[in-house]
Amino acid sequence: MIVRLGYVAMSVELKNASPSQTMTFKQFLQIPDREAAIQKLERIAKNNLTNCLRLLKHNVANEIHFFRFSSKLIPLANHEELSDWKYMRPLKEILQEIGHYLQEHPIRVDFHPDHFVLLNSKSTDILNNSIKTLAMHEALLKGMGIDPEHRCVMHVGGAYEDKEKALEQFIHNWAYVPASIQRMIMLENDDTSFHLEHTLYLCEKLGIPLVFDYHHHLANHENPEWEKEWDRVVSTWSLSKLPIKMHISSPKSEKEYRAHADTIDREMFLHFLHTIKGSVHEIHCMIEAKKKDAALFQLVEDLKGEKNITWLDQSSFEIQ
DNA sequence: GCCAGTCAAGTCCCG
DNA sequence: CGGGACTTGACTGGC
């Protein structure tokens, strides 16, 4: 089984390369000239995308083939007071530049909008805003010339005091989600409300790939034996052009179990891999650690010399 | 130049 | 039912 490692959004190694610089609405209102304020937003967005390109180059230099973009690339893109702002126009060139770079240096890229994007809300306002935010993600991918299919990881959403009802609400709302956005989505089991079986239920019913988060599963499960459902998880990827992906992180501490540690616990990761090896040809593991790319490099160091592992490059290996 | 506080979002918890 | 915590990185203001 081939394993490729990726990391999230920003680098702790590459300096002054934040892809998430921002302006709050409050700051926006403090600039008296609205045009000037919008130009500042556009400068920030362009700068964020330029930093994304720098991050991609950093990834290529380190043979990393898997990367999650920040979802904060365009500050206030979805704000209701800025609905007249055509934010995509000034970004066309830099997006194309990123697209060209990705054609020459293929890296699997995707997004993970933060959990204010809720597809199972009963409120049409929240649902419509969520769809709007997803449409922004779609536009960014298209601007880069990337097929948006299965490029956006989401959580199921709010529990709203009744998880079974909340799951049915997701199915109900799904019909109102444009088809092009539906096909962008992957669903992840979360650490407080919707565990693996909940998420599988939706994924199987709606044909959505499931991104298994091992740490979330340890924090939130009904049945601890995820292995029994693993084949079902793999099956949700059968229609995808992309290899199965999962999230890997380690608890910060026993007390702050759900919080992410700086780095990845080697033993936990190896245990997981040995459990699933043979079930798929290739798996992509997204490292979600405080230390971002440094945690990935650390994990690679920690796995060096491990028997049954043959390194393919700086971030990929084959495990027997 | 560092540290504490602020900001944004929707949900959830507590009183 | 209302206010604060939660979460995360960026940013601001005070010293």
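Chain letters run A, B, ... following the sequence lines, proteins first and then strands; every chain starts at 1.
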Could you tell me the separation between the [atom1] atom of [X] and the [atom2] atom of [N], rounded to a whole number of Å?
X	N	atom1	atom2	answer
Lys26(A)	dA10(C)	NZ	C1'	16 Å
Phe116(A)	dT7(C)	CZ	C1'	7 Å
Met23(A)	dC11(C)	CE	P	10 Å
Asp262(A)	dT8(C)	CG	P	12 Å
Lys291(A)	dT8(C)	NZ	P	16 Å
Gln30(A)	dC11(C)	CD	P	15 Å
Glu256(A)	dA5(C)	CD	P	16 Å
Met10(A)	dC11(C)	CE	P	11 Å

Any Ser20(A) side-chain N or O less than 4.0 Å from OP1/OP2 of dG9(C):
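For dG9(C), OP1/OP2 do not have a side-chain N/O of Ser20(A) under 4.0 Å.
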Could you tell me whether [X] contacts a base, only the sugar-phosphate backbone, or nothing, with contacts defined as non-hydrogen atoms closer than 4.0 Å?
X	answer
Ser18(A)	sugar-phosphate
Ala259(A)	nothing
Gln27(A)	sugar-phosphate

Would you tell me whether Glu222(A) and His198(A) have side-chain atoms, one donor and one acceptor, within less than 3.5 Å of each other?
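Absent: no donor and acceptor within the cut-off.
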Just checking, is any N or O donor in the side chain of Arg266(A) or His271(A) under 3.5 Å from an acceptor N or O on the other one?
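Note: Arg266(A) and His271(A) side chains miss the donor-acceptor criterion.
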Is the shortest distance from a Lys or Arg side-chain nitrogen in [X] or [Y] to a carboxylate oxygen in the other one below 4.0 Å?
X	Y	result
Glu13(A)	Lys292(A)	no
Lys132(A)	Asp125(A)	no
Lys165(A)	Glu168(A)	no

Walking along DNA chain B from 5' to 3', note the first and the last nucleotide with an atom under 4.0 Å from a heavy atom of chain A, and give both.
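Here the contact window of chain A covers dC7(B) to dC12(B).
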For the atom pair CG (Leu218(A)) and CH2 (Trp226(A)), what is the distance rounded to the nearest 0.5 Å?
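The CG atom of Leu218(A) sits 9.5 Å away from the CH2 atom of Trp226(A).
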Between atom CD1 of Ile74(A) and atom CG of Leu91(A), what is the distance when rounded to the nearest 0.5 Å?
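So the CD1 of Ile74(A) and the CG of Leu91(A) are separated by 5.0 Å.
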